Amino acid sequence: MDKKILVIEDNEQNLYLVKFILEKHGYEVIQARNGQAGIEIARQVSLDLILLDIQLPIMDGYEVARELKKLLGKKRVPIIAVTSYAMLGDREKALESGCTDYITKPINPDTFIDRIRQFLPNHNTVEDGE
Ligand code: MN
């Protein structure tokens, strides 16, 4: 069964790119354009990984991460923060809010999928056709 990845991202271009890369590698992508929608999905769907943009409208990613952590409890669903903030301390802030790790924007299409695979217990075996 395909691994399900929830992508919480309000920027259409980033969402498109991330979805494109993940689907190309055989992952199922569920998208949410704000934190509240993402939390609602996490309540209903069993997920393998969550990619969380930090700069989001209404609730920022740190707040969303805290809510997801409460909701998911002991389920080990990795929450990976995705942010263009290159400031020192943001990684710590993301980790403090419950994120497992941190990926910086702009997304590098060459390394992105390897980073994602690090957090999934067994890799998808789908070839990427390259
Ligand atoms: Mn954003």
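First listed ligand is number 1; within each ligand, the first listed atom is number 1. Worth saying up front: this structure is predicted, and the values here are computed from it rather than measured.
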Side-chain donor-acceptor contacts of residues 65-81 below 3.5 Å, not counting sequence neighbours, with atom names and distances?
residue: Glu67; atom: OE2; partner: Lys70; partner atom: NZ; Å: 3.1

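- More than 12 heavy atoms of other shown residues, nucleotides or ligands fall within 6.0 angstrom of atom CD in Gln44.
- Residues satisfying the salt bridge (Lys or Arg N to Asp or Glu O under 4.0 Å) test with Lys4, not counting sequence neighbours, are none.
- Applying the salt bridge (Lys or Arg N to Asp or Glu O under 4.0 Å) test to pairs two or more places apart or on separate chains, those with a residue in residues 29-52 are Glu12-Arg33, Glu40-Arg43.
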Stepwise side chain to side chain contact (heavy atoms under 4.5 Å, CB included) check, Leu56 with Asp10: CA-CA 6 Å; Leu56 288 169; Asp10 64 321; 3.8 Å; yes

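- Counting only distances under 2.8 Å, and ignoring water, the protein N, O or S atoms around the Mn ion (ligand 1) are Asp10 OD1, Asp53 OD2, Gln55 O.
- By the criterion of side-chain heavy atoms lying less than 4.5 angstrom apart, applied directly or through intervening Ile, Leu, Val, Met, Phe, Trp or Tyr residues, Val18 is grouped together with Tyr27 in one hydrophobic cluster.
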